[in-house]
S.K.: 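Take this structure first; my questions come after.
Both ligands and their constituent atoms are indexed starting at 1 by order of listing.
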Amino acid sequence: MLYIGPHVSISGSVSLAPGRAHDLGATGFGMFTKNQRVWSAPKLEDSTAESFQEALAASGIPNDAILPHAGYLINPATPDSELRDKSLALFMDEAERTVRLGLSVLNIHPGAYKEGLREDGMRRSARMLDQVLSAFPSLRIAIENTAGAGTILGSSFEELDGIISGSACKDRIGITLDTAHLFGAGYDVRNDIQGIMDSFFSRFGREKLYGMHLNDSKVPLSSRKDRHESLGKGLIGLEPFMEIVRMDEVQGLPLVLETPDESAWAEEIRTLLKA
Ligand SMILES: [Zn+2]
Ligand SMILES: [Zn+2]
């Protein structure tokens with residue numbers, strides 16, 4: 001089963017997300033658990049969590065076809081103690097929202113180490129993941145690969161492996177592969193998507209892939225930049241996405257479009273579902 005859909009808005013209420021995805025013909029989707037621009041949001045009411053689950057049941061989309069994305073304010077690798085406390089509090093809050101919505105995996109960026117040693121940043125990132133996973137025994141966390149600008153961690157398989165290896169809860173940490181970030185980081189998904197996926201699976205195993213973000217890229221290979229484009233409209237082209245959705249290993253995993261043109265989403269979903 002292919003679980004494909006866009007990162008939908010939660011504007012108005014998180015409980016509107018399943019309907020928005022369903023209306024586009026999606027079989028899965030991504031979303032934030034709260035307004036991603038603010039450090040604190042109103043508490044998730046029980047009634048809202050229930051409405052979300054009712055809307056989800058009505059949409060026919062299964063829980064494991066959804067990959068919520070933690071907000072960008074959270075920096076698990078920060079060396080600044082004040083920012084670390086705020087990041088941890090927000091990460092805990094988003095983890096709790098994820099669990100209360102009936103979802104099991106939360107996607108997060110591994111963070112930026114800002115200064116000092118890269119390895120220290122990787123350790124800080126792993127430690128924060130462990131704190132959250134210890135508090136929520138049913139939760140799993142997907143670390144998203146990045147394009148690797150500046151001191152941002154997680155742009156290579158080696159580094160993602162290093163972060164996971166530093167965790168005490170590594171059984172509940174996996175990876176989300178974002179194709180635009182792979183391309184920005186120097187993985188040529190345009191010409192060798194099969195080889196890149198094979199090298200991922202031989203290093204980590206199939207069970208470590210928790211989902212994918214299917215995005216074309218506005219910026220070139222190895223640019224270290226993160227600028228998404230609609231599928232087939234960017235420098236990656238449509239064919240690698242068609243190859244991905246034909247792979248046995250991605251069946252049953254959430255494949256989320258974070259493409260910029262919302263008016264293209266329904267067509268992107270149709271195209272991939274027919275591949
Ligand atoms: Zn992301
Ligand atoms: Zn992404």
S.K.: Do the numbers put R140 on top of the ring of Y210, so that NZ or CZ is under 6.0 Å from the six-membered ring centre and no more than 45° off the axis?
M.R.: yes
S.K.: Restricting to N, O or S, what is the name of the atom of D178 that lies nearest the Zn ion (ligand 2)?
M.R.: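 For D178, the N/O/S atom sitting closest to the Zn ion (ligand 2) is OD2.
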S.K.: What closest approach, in Å, do D216 and K233 show between heavy atoms, and which atom pair accounts for it?
M.R.: OD2-N, 3.5 Å
S.K.: Are H22 and F29 close enough that their ring centres sit under 6.0 Å apart?
M.R.: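 Between F29 and H22, which both carry aromatic rings, the centre distance is not below 6.0 Å.
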S.K.: With carbon and hydrogen excluded and only N/O/S kept, which atom of E144 is nearest the Zn ion (ligand 2)?
M.R.: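 The nearest such atom is OE2.
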S.K.: Using a strict threshold of under 4.0 Å (side-chain N to carboxylate O), is an ion pair present between D120 and R123?
M.R.: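 Counted as a salt bridge, because a side-chain N and a carboxylate O are separated by less than 4.0 Å.
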S.K.: Of all N/O/S atoms in E258, which lies nearest to the Zn ion (ligand 2)?
M.R.: OE1
S.K.: So that I can check it, does any N, O or S atom in H109 come closer than 2.8 Å to the Zn ion (ligand 1)?
M.R.: yes
S.K.: Considering only N, O or S atoms, which atom of H213 is nearest to the Zn ion (ligand 2)?
M.R.: ND1
S.K.: Check R97 with D93, please: is the shortest side-chain N to carboxylate O separation under 4.0 Å?
M.R.: yes
